Each structure stands twice: as structure tokens, then as C-alpha cells.
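Below: one structure, written as C-alpha cells.
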Amino acid sequence: MSVRFPVWMNVLPTLGAIGGAVGLIVVIGVVTTYFTPKYWEVGYMPTQPGSGFSHQIHAGKLGLDCRYCHTNVEKSAEANIPPVSTCMGCHTDGMLSPTYDPAEKVEFIRTAWTADESIPWARIHKLPDYVRNFPHHAHINAGVSCYSCHGQIEAMPVVYQAEALSMSWCLDCHRGVGQAMHGDADPSQYLVPKDKVTELEWVETVWHGEGEGQRAAASAVLAGIRQAPPENCGACHY
Ligand code: HEC
Ligand code: HEC
Ligand code: HEC
Ligand code: HEC
Ligand code: HEC
């Protein structure tokens, strides 16, 4: 593993030479910011542009499927953020009633659209550079729900990081699924039927004990996984 220092770190010796209190404070500020990336922390919830985007309204109340916007999530490693055109499918002036489309709340969408710019959404979940491209599609197609890794998104007015995304967190599930393949663990805490991966309310209900028979369903999903999830370093690191 290597830690790469950004180019601007080259100014550190110069600042040190100035030696003044101001320089020192800048150095401390810079180093603290660089070495404690807030985006790896559970609960991380950056401020979003405009009036933001509510998953509680769109995915919860309106019931839009995750893949309506995150169109690539089961096809590629990367889960894409939708372009402004996806929003304009509904938020074009006059399309929704003004009660549901209050100008002051959706103006930032139309402004971006008119200017042909994207909305600068703040990134929330981000693995460090020394971890290989995280494969969304492999997980979704194996029956791992978004809920396992992102929490109850359908209830979030503003998305925050619900899970640690640490190495031991990844490996806990990988080991658990491996053990379940040998009959030594219950697969239903890790896997759901493929058609339920984006139905987070269903998943939450099942996992809170109201889903009789889910173990049999998860065992059927497990049977479709040919290789145990990897635990070797090279699978996740360069
Ligand atoms: C109508 C479009 C839309 C739908 C439907 C939708 N999302 Fe999103 N999603 C977005 C947009 C826009 C963002 C970026 C703004 C934000 O983070 O709130 C986003 C961000 C996210 C993020 C955070 C990304 C990051 O920066 O780490 C996650 C996780 C996520 N969505 C999961 C889901 C899940 C799970 C569902 C289904 C239950 C879903 N989304 C449904 C549009 C959508
Ligand atoms: C399928 C139609 C649809 C799509 C696509 C859609 N919206 Fe909406 N949006 C709605 C509806 C309907 C409401 C009003 C819901 C309500 O208030 O109950 C709404 C409400 C909103 C609001 C006001 C929320 C509030 O706080 O009252 C914002 C902001 C918004 N949407 C942003 C977005 C953004 C950004 C996108 C694209 C990532 C998007 N919408 C995509 C249908 C849509
Ligand atoms: C096994 C865990 C896991 C599952 C399942 C999962 N994600 Fe993620 N998701 C992650 C991780 C880890 C990241 C950060 C990836 C990175 O930094 O490379 C992420 C990032 C994202 C992002 C941000 C992408 C970006 O470029 O800003 C979105 C959006 C997202 N996930 C949506 C979803 C949706 C929708 C689902 C379900 C259909 C889902 N995820 C299922 C772990 C998961
Ligand atoms: C809740 C369970 C769960 C979590 C959490 C999880 N994984 Fe996985 N992962 C799986 C399963 C199940 C597979 C097996 C997919 C298959 O072989 O079909 C898998 C497979 C993989 C693969 C191999 C993909 C392939 O193409 O064969 C990689 C790489 C991987 N996971 C990385 C990660 C990383 C990195 C994290 C943490 C950020 C993580 N996983 C978290 C369940 C999980
Ligand atoms: C399933 C995926 C996965 C596997 C397999 C894996 N790692 Fe990691 N590793 C990660 C993730 C994700 C992180 C980033 C954790 C974070 O951001 O806190 C990480 C972080 C690290 C770090 C940085 C320090 C730390 O603990 O955060 C080291 C060193 C490391 N891994 C070494 C290894 C070695 C050695 C192996 C093989 C024995 C291995 N990893 C196997 C996913 C994996």
C-alpha cells in the first residue's frame, strides 16, 4: 500500500521556512484534513447543492426503483449518479403541479439544465485509492441488497454513510457467505432473492423477524453463487 502525497504538499518545506505561527497553523490544518478523510466515517452527510435530493420522497414515497436513476448498478462496477436530464423527465416547468414542484426548491435543477451543467453532488461513499474498483454488479447479481451496505436509503431525506466500509466489514460478510456455502452459517443475513435487492422496505421487514421462510429463499440464492466471495488480498488491492 502506498500513500500518495498531492503536489501541493511540496509547499510544506517552504511554509516551514517561514516558521511563523500562521505557517504552522496552515500546516496543521492541511495535515489534519488530509489524514482524517471525513468521507470514511459512519454518519458522514455532506451538504448537497440547491435544496438537495430526497431519497425519502423519490425512492420511498414515490416508490421509484433505485435503477431508475442508478442505471448501471447491476451492469458495471460503478454505481452512477443520474444526469440532470433524469430529473428533467419530471421537473420540466409545467409537468408536475406547482404544489409538488415549488419553483424555489427545484430552480437549481432547471438552472443547471439551461446552462448545460451537471449538478455538483457531494460524494458520500468513497473507498481509498489503494482498494480496487469496487464491483457493484457482482454484489447485486449475487443477491446482496443495497440495504446491507447503504442502510435504509428509502427513509433518508439526505443520504449519509450508514456502514463502516472498513476492510473487516467487507471480510465479515465474505467469510459469512463462505461459511454458509459449507452449511455453517445462515445465509439470510447476507443474501436476498435477486428481485428484492432494491426493495429496501421488504429487506428491512424480513430482517426484523417478520419474514418467515427467508432462510430457504436465501439458500436458493446461495446455490447460484459459484465461488465463495474472495478473502485474498489481491481481489481487493492492487
Ligand atoms: C430519482 C433518482 C434517484 C432514485 C430513484 C434513487 N437515487 Fe440514489 N441518488 C440520486 C442522486 C441525484 C444522488 C446524489 C445526491 C445525493 O447523494 O443525495 C444519489 C445518491 C445516492 C447514494 C450516495 C452516493 C454517494 O455519493 O456515496 C446512494 C448510496 C444511493 N443514491 C442509493 C440509492 C438507492 C439504494 C436507491 C433505491 C432505494 C436510490 N438511490 C434511488 C438519485 C436517485
Ligand atoms: C418520476 C418523476 C421524478 C423524477 C425523475 C424526479 N423527481 Fe423530484 N419530485 C417528483 C415529485 C412528484 C415531487 C413532489 C413529491 C412530494 O412533494 O410529495 C418531487 C420533489 C422534488 C423536490 C422538492 C422536494 C421537497 O423538499 O419538497 C426536489 C428538490 C426534487 N424533487 C429534486 C429532484 C432531482 C434533483 C431529481 C433528479 C436527480 C428529481 N427530483 C427527479 C418527481 C420526480
Ligand atoms: C456490498 C456493498 C454494496 C452494495 C450491495 C451496494 N453498494 Fe453502493 N457502494 C458501496 C461502496 C463500497 C461504495 C464506494 C465505492 C468506491 O468508492 O469505489 C458505493 C458507492 C455507491 C454510489 C456512489 C457512486 C458514485 O460514483 O458517486 C452509489 C450511487 C451507490 N453506491 C448506489 C448503490 C445502489 C443503488 C445499490 C443497490 C442497487 C448499491 N449501491 C449496493 C457498497 C455497496
Ligand atoms: C453483505 C455481504 C457483502 C459485503 C458487505 C461485501 N461483499 Fe464483496 N461479495 C459478496 C458476495 C456474496 C460476493 C460473491 C459474488 C459472486 O461470486 O457471485 C462478493 C464478491 C466480491 C468480489 C469478487 C467479485 C467478482 O467479480 O468475483 C470483490 C472484489 C468484492 N466482493 C469486494 C468487496 C469489498 C471491497 C467490500 C467492502 C467495501 C465488499 N466486497 C463487501 C458479499 C459482500
Ligand atoms: C474483500 C476486500 C478486501 C480484502 C480481501 C482485503 N482487503 Fe485490505 N482493505 C479493504 C478495504 C475496503 C480497505 C479500506 C478500509 C478503510 O477505508 O478503512 C482495506 C484496507 C487495507 C489496509 C490499510 C489499513 C487498514 O486496515 O485500513 C491494509 C494494510 C490492507 N487492507 C491490507 C490487506 C491485506 C494484507 C489483505 C490480505 C490478507 C487484504 N487487505 C485483503 C478490502 C480488502
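The shown structure was predicted, so the numbers you read here are calculated from the model rather than taken from an experiment. Any value given below was found using the heavy atoms of this structure, including those in side chains, with hydrogens, waters and symmetry copies removed. Residue numbers run from 1 in the order of the sequence given. All ligand and atom numbering here is 1-based and tracks the order in the structure.
- Nearest to atom 11 (C) of ligand 4 among the protein's heavy atoms is Pro229 CG, 3.5 Å.
- With a 4.0 Å heavy-atom cut-off, ligand 1 is reached by the backbone of Ile124 and by its side chain too.
- More than 12 heavy atoms of other residues, nucleotides or ligands lie within 6.0 Å of CD in Glu231, so this atom counts as buried by the packing criterion.
- Remark: ligand 4 atoms within the under-4.0 Å shell around heavy atoms of Cys173 are 1 (C), 2 (C), 3 (C), 4 (C), 5 (C), 42 (C), 43 (C).
- Remark: ligand 1 atoms within the under-4.0 Å shell around heavy atoms of Glu154 are 38 (C).
- When heavy-atom distances to ligand 1 are checked against a 4.0 Å cut-off, Asp65 comes that close only through its backbone atoms N, CA, C and O.
- Dense packing is recorded around CZ of Phe134, with more than 12 heavy atoms of other residues, nucleotides or ligands lying under 6.0 Å away.
- Under the 30°/60° scheme for interplanar angles, the aromatic rings of His70 and His55 are found to lie parallel.
- Of the protein's non-hydrogen atoms, the one nearest atom 29 (C) of ligand 4 is Ala235 O, 3.5 Å.
- For the pair Pro128 and ligand 5, a heavy-atom separation below 4.0 Å is found.
- Proximity annotation for atom 42 (C) of ligand 1: of Trp121, Phe53, Tyr160, Tyr147, Phe53 comes nearest, heavy atoms only.
- Residue His174 has no nitrogen or oxygen atom sitting less than 3.5 Å from a nitrogen or oxygen atom of ligand 5, judged on distance alone.
- Residue contacts with ligand 1, taken as heavy atom pairs separated by less than 4.0 Å, do not involve Lys126 at all.
- For ligand 1, the atoms lying closer than 4.0 Å to a non-hydrogen atom of Cys69 are 1 (C), 2 (C), 3 (C), 4 (C), 5 (C), 42 (C), 43 (C).
- By the criterion of side-chain heavy atoms lying less than 4.5 angstrom apart, applied directly or through intervening Ile, Leu, Val, Met, Phe, Trp or Tyr residues, Val158 is not grouped with Ile119; the two fall into different hydrophobic clusters.
- Proximity of Cys87 to ligand 1, defined as any heavy-atom pair under 4.0 Å, is not found for any part of the residue.
- Protein heavy atom at the shortest distance from atom 13 (C) of ligand 1 is Ile81 CD1, 4.0 Å.
- Among all protein heavy atoms, the one lying closest to atom 34 (C) of ligand 1 is Cys66 SG, 3.4 Å.
- The shortest contact between atom 28 (C) of ligand 1 and any protein heavy atom is with Ile153 CD1, 4.0 Å.
- With hydrogens and angles ignored, the 3.5 Å screen pairs no side-chain donor or acceptor of His91 with any backbone N or O of Asp101.
- The shortest N or O to N or O distance between Ser166 and ligand 4 is not under 3.5 Å.
- Counting heavy atoms closer than 4.0 Å to ligand 1, residue Gln48 contributes side-chain atoms (C-beta onward) but none from N, CA, C or O.
- Within the listing of ligand 5, atoms 5 (C) sit less than 4.0 angstrom from a heavy atom of Leu171.
- Contact atoms of ligand 5 toward Val131: 11 (C), 12 (C), 13 (C), 14 (C) (distance under 4.0 Å to a heavy atom of the residue).
- Of all the heavy atoms of His150, the ones lying under 4.0 Å from any atom of ligand 1 belong exclusively to the side chain.
- The contact set between ligand 5 and Glu231, taken as ligand atoms under 4.0 Å from a residue heavy atom, comprises 5 (C).
- By the 4.0 Å heavy-atom criterion, Phe134 is excluded from the residues contacting ligand 5.
- Residue contacts with ligand 4 do not include Leu165, since none of its heavy atoms lies under 4.0 Å from the ligand.
- Ligand-side atoms of ligand 4 in range of Gln227: 17 (O), range being under 4.0 angstrom from any heavy atom.
- The aromatic rings of His150 and His125 sit perpendicular, their planes meeting at an angle over 60°, well past the 30° parallel limit.
- Atoms of ligand 4 lying under 4.0 Å from at least one heavy atom of Ala142, given by number and element, are 15 (C), 18 (O).
- More than 12 heavy atoms of other residues, nucleotides or ligands sit less than 6.0 Å from atom CD of Glu104.
- In terms of heavy atoms, Asp65 sits closest to Thr198 at OD2-OG1, 2.9 Å.
- Of the heavy atoms in Cys146, only side-chain atoms (C-beta onward) come closer than 4.0 Å to ligand 1.
- Heavy atoms of Tyr68 found under 4.0 angstrom from ligand 1: none, in either backbone or side chain.
- Distances from atom 8 (Fe) of ligand 1 show that His70 has an N/O/S atom below 2.8 Å.
- Nearest to atom 39 (C) of ligand 1 by heavy atom, out of His55, Gln152, Glu201, Glu199, is His55.
- Between Tyr147 and Trp207, the ring-plane angle classifies as perpendicular under the 30° and 60° cut-offs.
- Looking from atom 16 (C) of ligand 4 to the surrounding protein, the closest heavy atom is Ile225 CG2, 4.0 Å.
- The aromatic rings of Trp121 and Phe108 lie perpendicular to each other, with more than 60° between the two planes, well past the 30° mark.
- Compare Ser168, Ala138, Pro230 by their heavy atoms: the one nearest to atom 23 (C) of ligand 4 is in Pro230.
- Heavy atoms of other residues, nucleotides or ligands lying less than 6.0 angstrom from CG of Asp116 number 12 at most.
- Nearest residue to atom 41 (C) of ligand 5 from Cys170, Cys233, Gly234 is Cys233 (criterion: closest heavy atom).
- The closest protein non-hydrogen atom to atom 10 (C) of ligand 4 is His139 CD2, 3.3 Å.
- Here Asn232 has backbone heavy atoms under 4.0 Å from ligand 5, and that is the only part of it that gets that close.
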